[in-house]
Each structure stands twice: as C-alpha cells, then as structure tokens.
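Remarks on the structure that follows.
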Amino acid sequence: MTALPVGASRPRRAPLGRLLRSELRWVFRRPRTLVGIGLLGLAPIVIGVATLFVTSGVTGDPEQGPPITALGGSALTLPVISLSMLLLFLLPLVASIAAADAIAGESASGTLRGLLVAPVGRLRLLAVKMVGVMAVITAAVLVITVVAVVTGLILHGTSGLVTLSGTTLSLGESLGRVTVTVGWVLLQLWAVAAIALAVSACTEHPLVVLSTVIGGLIVIGILGSLPVLDWLQPFLLSDNWTAGADVLRDPVYTGDMGTSALRALCYLVIGYSLAVARMATKDS
C-alpha cells in the first residue's frame with residue numbers, strides 16, 4: 001500500500017445519508033420521471049371510467065366475466081386490476097428506464113466517471129443508485145394505487161371489495177388486500193430493475209438497456225406460452241405475473257403469488273450481484 005505524504009490525510013467518504021438525499025433529488029427532478037409517473041397516474045382513471053361505462057350497459061355485454069362485473073360495483077377492486085394490468089408492460093418499462101438512467105445514462109453523459117474517481121466507493125455508489133431506482137418504482141406504484149383507490153371511492157363509494165367468489169369484504173380488509181398486491185408488484189419490479197441495473201453497468205447506451213430488458217420480457221412471454229417448454233416456466237421471471245388478481249378470491253389463493261415472489265427475490269439477488277461484480281471492475 002502506498003504511504004501517504006507527511007501531513008496528508010486520506011479523503012473522507014461522503015456520508016451515506018447525503019449521497020441518498022442527493023440521488024433522490026436528482027432522480028425526482030428529472031422531467032421525464034415526473035411526466036412518466038404522472039401519466040401512469042392517469043391509467044386507473046381511464047380503466048375505472050371505461051369499466052363503469054361497460055358495466056352500466058353503455059357498451060356492456062351481460063355475459064361478461066366476473067372481473068369486469070366485480071370492478072364495476074366495487075371501489076377497491078380498481079387498484080388491484082390497475083396494478084395487474086400495468087405490470088404486464090408499462091411498469092417494467094418504468095423500471096428499465098430508471099435503471100438505464102442510473103448507470104448507463106450517467107456514463108453516456110460523462111458524470112459517472114467523476115463519481116467513480118471520487119471518494120465514494122463503487123459498491124456504495126451502486127447501492128445508492130439501486131435505492132434511487134427502487135424509489136422511482138415505488139413512487140410510480142404508490143401513485144397508481146392512490147389514484148385508483150380515490151377513483152374507485154368516487155365512482156362506487158365505500159363499497160369495499162367484491163371478490164370473484166361473490167363475497168363482499170369490509171373496507172379495512174379490502175385495503176389489506178390492496179397492500180398485499182402493492183408489495184407483490186413492487187417485488188416483481190425491483191427484480192426487473194436489478195436485472196436492468198446489471199445490464200446498465202455493462203454499457204454506456206441507455207437504449208441497449210431498454211431493448212435488452214423489454215425484449216427479454218417479450219421473449220420470456222413467448223417462451224412461456226409454448227406448451228413444449230412447460231419445464232422452463234418455473235425459471236421465467238414474468239411467469240404468473242397475472243397472479244396479483246388472486247387477492248380478489250375468497251379465500252386468497254397464495255400459491256402462484258408465493259412462487260412468483262420467491263422467483264422475483266432470486267432474480268433480485270442475481271441481478272444485483274451481477275451489477276456489483278461489474279461495478280467492482282468497471283473502468284473509471
């Protein structure tokens with residue numbers, strides 16, 4: 001180890017709290033982040049109003065299935081349906097964009113080089129970036145949930161949640177099930193973000209991250225639809241992404257949700273570990 005000159009002191013590391021505050025201010029000051037979250041907040045309103053018209057007979061069909069019927073007469077079914085629908089494409093896109101901006105975006109703009117040579121520590125820097133990405137995802141999911149709950153209460157009153165089994169839950173129990181859905185969706189998206197962050201650490205082009213992650217999810221969806229590849233489905237991240245609607249059953253069927261949650265946790269650990277390995281050897 002090279003000795004420091006006499007009278008010189010080692011550079012002090014920036015406090016972790018200050019790094020986190022700086023990162024959160026940076027990500028939430030980006031116009032595209034705010035615009036993207038705002039547009040996602042409009043989705044539950046569109047879904048709720050459109051479904052209200054369908055169930056009120058404007059464009060409805062008396063032979064429609066239980067999910068639409070339940071949504072039309074229940075306030076707190078709307079956030080569950082909204083999150084389940086947006087998880088299939090738009091929310092993974094938000095996670096991928098946030099992860100692409102975190103490493104590849106700053107590498108392309110030249111700001112990452114300054115961070116790597118600063119007395120911050122690469123693993124601490126990666127952890128701060130991951131927290132920033134998770135914060136964007138969490139904000140998007142919470143905005144969707146709050147808007148969906150408010151929209152549902154305005155359209156249908158405090159009617160709680162009508163399950164697919166035909167029972168009606170109290171307002172408190174309905175909110176509990178919405179909370180479970182939020183936690184489950186967040187875990188799925190954090191797993192996507194971890195994989196995207198690993199890709200982001202390997203390139204200087206954000207579009208490469210987007211095309212890799214979104215393209216990968218599309219390929220996974222195709223592979224999961226092929227009966228001959230049934231043996232592969234337990235390893236596919238997006239398998240059982242429709243399981244969030246299982247909270248609408250009474251009693252709740254937790255099999256698919258539990259399996260997909262465990263799978264997402266594995267992807268989260270693997271993706272973040274790959275990002276750590278890459279950042280540890282990344283050229284400054």
Side-chain angles (χ1 to χ4, degrees), residues 43-44 47-48 51 54-55 61 63-92 95 137-138 140-142 144-149 151-153 156 158-192 217 220-269:
I47 295 172
T51 307
V54 170
T55 54
D61 184 344
E63 297 182 357
Q64 286 179 345
I68 296 296
T69 304
L71 180 56
S74 174
L76 295 183
T77 313
L78 182 57
V80 176
I81 297 298
S82 298
L83 290 173
S84 299
M85 293 176 63
L86 296 176
L87 176 62
L88 298 179
F89 182 75
L90 290 181
L91 284 174
I137 296 170
T138 303
V141 171
L142 291 180
I144 292 170
T145 304
V146 171
V147 173
V149 169
T151 302
L153 292 175
H156 309 295
T158 57
S159 57
L161 185 151
V162 178
T163 68
L164 300 181
S165 305
T167 59
T168 301
L169 305 179
S170 65
L171 186 62
E173 190 174 359
S174 300
L175 288 174
R177 295 201 180 191
V178 171
T179 303
V180 170
T181 305
V182 168
W184 179 79
V185 169
L186 283 176
L187 185 57
Q188 306 301 318
L189 294 174
W190 289 345
V192 173
L217 290 174
I220 286 176
I222 295 174
L223 295 178
S225 64
L226 300 177
V228 71
L229 296 178
D230 286 346
W231 58 271
L232 189 60
Q233 291 182 1
F235 304 98
L236 302 179
L237 175 59
S238 60
D239 188 44
N240 297 130
W241 266 9
T242 58
D246 286 343
V247 299
L248 299 178
R249 305 183 186 278
D250 191 21
V252 177
Y253 177 68
T254 59
D256 290 341
M257 292 187 69
T259 300
S260 58
L262 180 60
R263 184 190 301 117
L265 185 60
C266 293
Y267 270 89
L268 175 60
V269 173

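Sequence neighbours left out, the pairs with a member in residues 258-268 that pass side chain to side chain donor-acceptor pair (under 3.5 Å) are Trp184-Ser260. Each side chain to side chain donor-acceptor pair (under 3.5 Å) pair with one or both residues in residues 229-239, not counting sequence neighbours, appears once here: Asp230-Gln233.
Residues passing the side chain to side chain donor-acceptor pair (under 3.5 Å) test with Asp250, sequence neighbours excluded: Thr167, Arg177. Scanning for side chain to side chain donor-acceptor pair (under 3.5 Å) contacts around Trp190 gives an empty result, with sequence neighbours left out. Partners of Val180 under the side-chain contact (heavy atoms from CB on, under 4.5 Å) rule, at least two apart in sequence or in another chain, are Val247, Met257. Considering only residues two or more places apart in sequence or on other chains, Ala95 meets the side-chain contact (heavy atoms from CB on, under 4.5 Å) condition with Ile137, Val192, Ala193.
Here the CG atom belonging to Leu229 is positioned 11.5 Å from the CD1 atom belonging to Ile222, to the nearest 0.5 angstrom. Atom CG of Leu268 sits about 11.5 Å away from atom CG of Leu189, to the nearest 0.5 Å.
Of the residues Val178, Val141, Leu78, the one that meets the side-chain contact (heavy atoms from CB on, under 4.5 Å) test with Leu83 is Val141.
Residues Asp246 and Asp256 share a closest heavy-atom pair of OD2-CB, 4.0 Å. When all heavy atoms of Gln188 and Leu237 are compared, the closest pair comes out as OE1-O, 4.2 Å. Nearest heavy atoms, Thr181 versus Gly244: OG1-O, 4.1 Å. Thr151 and Pro44 make their closest contact through CG2-O, 4.3 Å (heavy atoms, listed as atom of the first residue, atom of the second, distance). For Pro79 against Ala148, the heavy-atom pair with the smallest separation is CA-CB, 3.4 Å.
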Check your understanding: side-chain contact (heavy atoms from CB on, under 4.5 Å) between Val185 and Thr145: does it pass, once the steps are laid out?
Key -> CA-CA 11 Å; Val185 169; Thr145 304; over 6 Å; no
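In this structure, Trp241 and Leu217 have side chains that are in contact, with non-hydrogen atoms separated by less than 4.5 Å.
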